[in-house]
Amino acid sequence: FSLLVCSTDSIYLIGSLDYRSNPKKMSAVMSTSKIANAGAQMSGKASRVTKVVRLQAPCARIPPSVMPATRSTLVIAAAAATASPPSASLADQFKPNAVARIPPTQQKQTAIITGASSGLGLNAAKALAATGEWHVVMACRDFLKAEKAAKAIGMPAGSYSILHLDLSSLESVRQFVASFKATGRRLDALVCNAAVYLPTAKEPRFTADGFELSVGTNHLGHFLLTNLLLDDLKNAPNKQPRCVIVGSITGNTNTLAGNVPPKANLGDLSGLASGVTVANPMMDGQEFNGAKAYKDSKVACMMTVRQMHDRFHESTGVTFASLYPGCIAETGLFREHYGVFKTLFPPFQKYVTKGYVSEEEAGRRLAQVISDPKLNKSGAYWSWSSSKGSFENQVSEEVADDAKAAKLWDLSAKLVGLSA
Ligand code: NDP
């Protein structure tokens with residue numbers, strides 16, 4: 001069953017285990033119409049519904065008579081009272097048609113940032129919001145973590161909203177896109193930032209759709225997302241729409257860092273062709289290696305940017321770009337690494353390689369790629385140096401292999417259910 005917890009203004013889905021193990025059943029439970037029905041029945045005045053549902057009426061007002069109607073799909077576990085009303089950002093988010101009533105040209109520019117609940121994404125969200133010119137949609141799998149992080153870092157209420165997105169489920173990606181479109185917000189920038197890194201994993205893990213987790217989350221989830229939101233970007237009123245996918249130096253074998261084993265290599269893409277499933281979890285069809293799976297996924301992200309540039313820049317006017325923000329050695333990305341690595345890596349990067357960059361500085365760099373008119377070159381891969389600031393960097397031979405990238409595109413499109 002799916003487990004939902006109610007507070008005075010909210011219902012939170014907390015049954016993520018069920019979601020992973022039985023995505024079809026769970027997504028049926030979470031389908032907007034069903035939840036909308038349940039919500040409407042329960043509150044009598046359900047507000048606009050997204051994947052994580054919030055009701056404006058206190059749960060105490062749910063008439064007992066509606067419970068049998070919802071019992072087959074929902075288990076209401078608790079009705080914990082919360083004293084505080086929804087924050088301004090949430091109120092803005094859940095007022096029906098609050099944004100849709102404002103013509104797109106009069107709305108603030110909007111950026112969607114995936115994985116904005118920590119690290120680079122959170123700091124880029126902060127930097128954009130601080131300009132007063134952007135509204136940031138934080139696309140996150142952990143709604144409460146994102147809300148707490150946004151408040152803790154001082155993002156002004158109303159400068160952001162949070163929509164649920166779990167990139168390890170294609171159904172969630174589709175649901176996110178539907179929820180975003182339903183807000184009526186314009187879209188000026190899409191930032192694919194979220195990632196998982198499993199350097200110590202002995203065994204592969206898998207997404208709801210059965211893809212190896214790093215490739216499924218970092219590449220395939222974003223691949224579907226960017227394709228589904230391309231039209232929204234094309235129609236951006238700011239006339240400088242951007243799609244940014246965060247890359248990494250570690251995937252680029254033309255650098256020192258990129259030559260630290262295991263090196264990225266997509267090989268003949270035979271593993272991807274067979275679905276990066278339990279039988280063949282690596283894109284190159286070789287034995288599983290968690291660190292390499294991450295590096296491979298970043299190569300795929302950077303190749304996707306180049307393919308999108310080739311395929312769509314001219315017809316849509318969208319600028320596609322990738323970047324390496326520097327080594328942000330203390331972020332949650334390294335959460336699964338060995339303790340000793342986590343202790344030594346930051347000072348090593350600070351004092352030996354000098355590649356270290358703070359989360360705040362990295363966030364400013366990403367915000368620059370999203371919004372600086374000077375960084376509007378499509379197909380570019382941006383990096384920074386202390387002497388030059390931002391500069392266009394060279395990608396590795398593999399990332400620049402357009403024939404391989406075209407094959408990657410076709411296989412990825414097939415896996416996520418898009419026609420190539
Ligand atoms: P963090 O772990 O702080 O951020 C990663 C974000 O991705 C988190 O918000 C996380 O959510 C989110 N995420 C993970 N899985 C999913 C999922 N299934 N669905 C939705 N969101 C998900 O790491 P960083 O800030 O360092 O990483 C951000 C980007 O920067 C990544 O693309 C990474 O590859 C890139 N990068 C990082 C470098 C570094 O040195 N740190 C260097 C080069 C590139 P949650 O909070 O719920 O876990």
Side-chain angles (χ1 to χ4, degrees), residues 16 19-20 23 51 112-126 138-150 153 162-173 175-176 191-199 205-209 211 213-222 224-225 244-252 255 257-258 264 291 293-302 322-337 341-342 345-346 348-350 353 355-363 365-366 369 381-384 393:
S16 62
Y19 185 29
R20 297 276 167 96
K51 182 139 192 165
I112 293 175
I113 304 182
T114 70
S117 55
S118 65
L120 178 62
L122 176 64
N123 281 275
K126 182 191 171 189
M138 302 168 72
C140 297
R141 61 178 167 175
D142 187 334
F143 202 89
L144 291 179
K145 180 178 174 185
E147 178 69 11
K148 276 189 195 153
I153 206 168
I162 304 166
L163 280 185
H164 184 262
L165 169 66
D166 184 346
L167 287 154
S168 67
S169 157
L170 296 179
E171 174 60 27
S172 176
V173 173
Q175 186 78 47
F176 169 83
V191 186
C192 299
N193 159 76
V196 288
Y197 174 43
L198 314 168
R205 282 175 246 164
F206 297 92
T207 68
D209 305 276
F211 307 133
L213 193 62
S214 322
V215 176
T217 305
N218 308 354
H219 169 54
L220 292 171
H222 281 137
L224 179 61
L225 184 69
V244 179
I245 306 183
V246 178
S248 178
I249 200 171
T250 57
N252 269 312
T255 64
Y294 168 80
K295 293 178 183 181
D296 288 352
S297 76
K298 289 280 134 182
V299 169
C301 286
M302 295 172 74
S322 180
L323 72 150
Y324 171 61
C327 183
I328 334 161
E330 283 136 349
T331 69
L333 192 69
F334 305 99
R335 66 187 90 176
E336 296 216 8
H337 226 307
F341 177 92
K342 283 190 276 194
F345 191 54
F348 177 73
Q349 290 295 338
K350 259 184 209 169
T353 70
Y356 176 89
V357 63
S358 70
E359 293 189 8
E360 210 171 0
E361 173 57 21
R365 290 177 177 183
L366 177 51
V369 177
Y381 164 52
W382 299 104
S383 294
W384 284 259
N393 207 342

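Counting convention: from 1, in listed order, for ligands and their atoms alike.
Which parts of ligand 1 touch L120 is read off a 4.0 Å heavy-atom cut-off, strictly below it: atoms 25 (O), 28 (C), 29 (C), 30 (O). Against a heavy-atom cut-off of under 4.0 Å, V196 is close to the following atoms of ligand 1: 14 (C), 15 (N). Taking every non-hydrogen atom of K298 and a distance limit under 4.0 Å, the qualifying atoms of ligand 1 come out as 31 (C), 32 (O), 33 (C), 34 (O). For ligand 1 and S168, the ligand atoms under 4.0 Å from any heavy atom of the residue are 18 (N). Here is the list of ligand 1 atoms found below 4.0 Å of a heavy atom in Y324: 42 (C), 43 (C). Against a heavy-atom cut-off of under 4.0 Å, C327 is close to the following atoms of ligand 1: 40 (O). Each of the atoms 19 (N), 20 (C) of ligand 1 lies under 4.0 Å from some heavy atom of L165. Residue contact check: S248 has heavy atoms under 4.0 Å from atoms 43 (C) of ligand 1.
Among I113, V357, L333, T331, the residue whose heavy atom sits closest to atom 37 (C) of ligand 1 is L333. Looking at E330, R335, H222, K145 and measuring to atom 10 (C) of ligand 1, the nearest heavy atom belongs to R335. Here atom 11 (O) of ligand 1 lies nearest to S117 when heavy atoms of G115, S117, A116 are compared. When the options A195, C301, G121, A208 are ranked by their closest heavy atom to atom 5 (C) of ligand 1, first place goes to A195. The closest heavy-atom contact to atom 33 (C) of ligand 1, among the options F345, Y294, Y197, comes from Y294. The heavy atom nearest to atom 40 (O) of ligand 1, out of those in I328, L366, L167, is found in I328. Between the choices N193, V246, L213, the shortest heavy-atom distance to atom 31 (C) of ligand 1 belongs to N193.
Scanning all heavy atoms of the two residues, the minimum distance from Y324 to I249 falls at CD1-N, 3.3 Å.
Using a 4.0 Å cutoff on heavy atoms, G247 counts as a contact of ligand 1. Residue G326 places a heavy atom under 4.0 Å from ligand 1.
Within the 4.5 Å cutoff, side-chain heavy atoms of L213 are placed close to those of S168. Side chains of L366 and P325 form no contact here, defined as non-hydrogen atoms less than 4.5 Å apart. With contacts defined as side-chain heavy-atom distances shorter than 4.5 Å, the pair E360/K126 qualifies. Side-chain contact check for S214 versus L198: some heavy-atom pair is nearer than 4.5 Å. In this structure the side chain of H222 reaches within 4.5 angstrom of the side chain of L167, judged on heavy atoms.
Annotation: S118 places an N or O atom under 3.5 Å from an N or O atom of ligand 1; distance criterion only. Below 3.5 Å of separation, one finds no N or O of D142 facing any N or O of ligand 1.
Considering L333, V196, V215 as possible partners of Y294, the one that fulfils the side chain to side chain contact (heavy atoms under 4.5 Å, CB included) test is L333.
Taken to the nearest 0.5 Å, the CE atom of M138 stands 7.0 Å off from the OG atom of S117. Taking NE2 from H337 and CZ from F345, the interatomic distance works out to 7.5 Å, rounded to the nearest 0.5 Å.
One N or O on the side chain of D209 and one on the backbone of L170 form a donor-acceptor pair closer than 3.5 Å. Under a 3.5 Å cut-off, the side chain of T114 and the backbone N or O of A194 do form a donor-acceptor pair.
Aromatic ring orientation, F334 versus Y197: perpendicular (interplanar angle above 60°, classes split at 30° and 60°).
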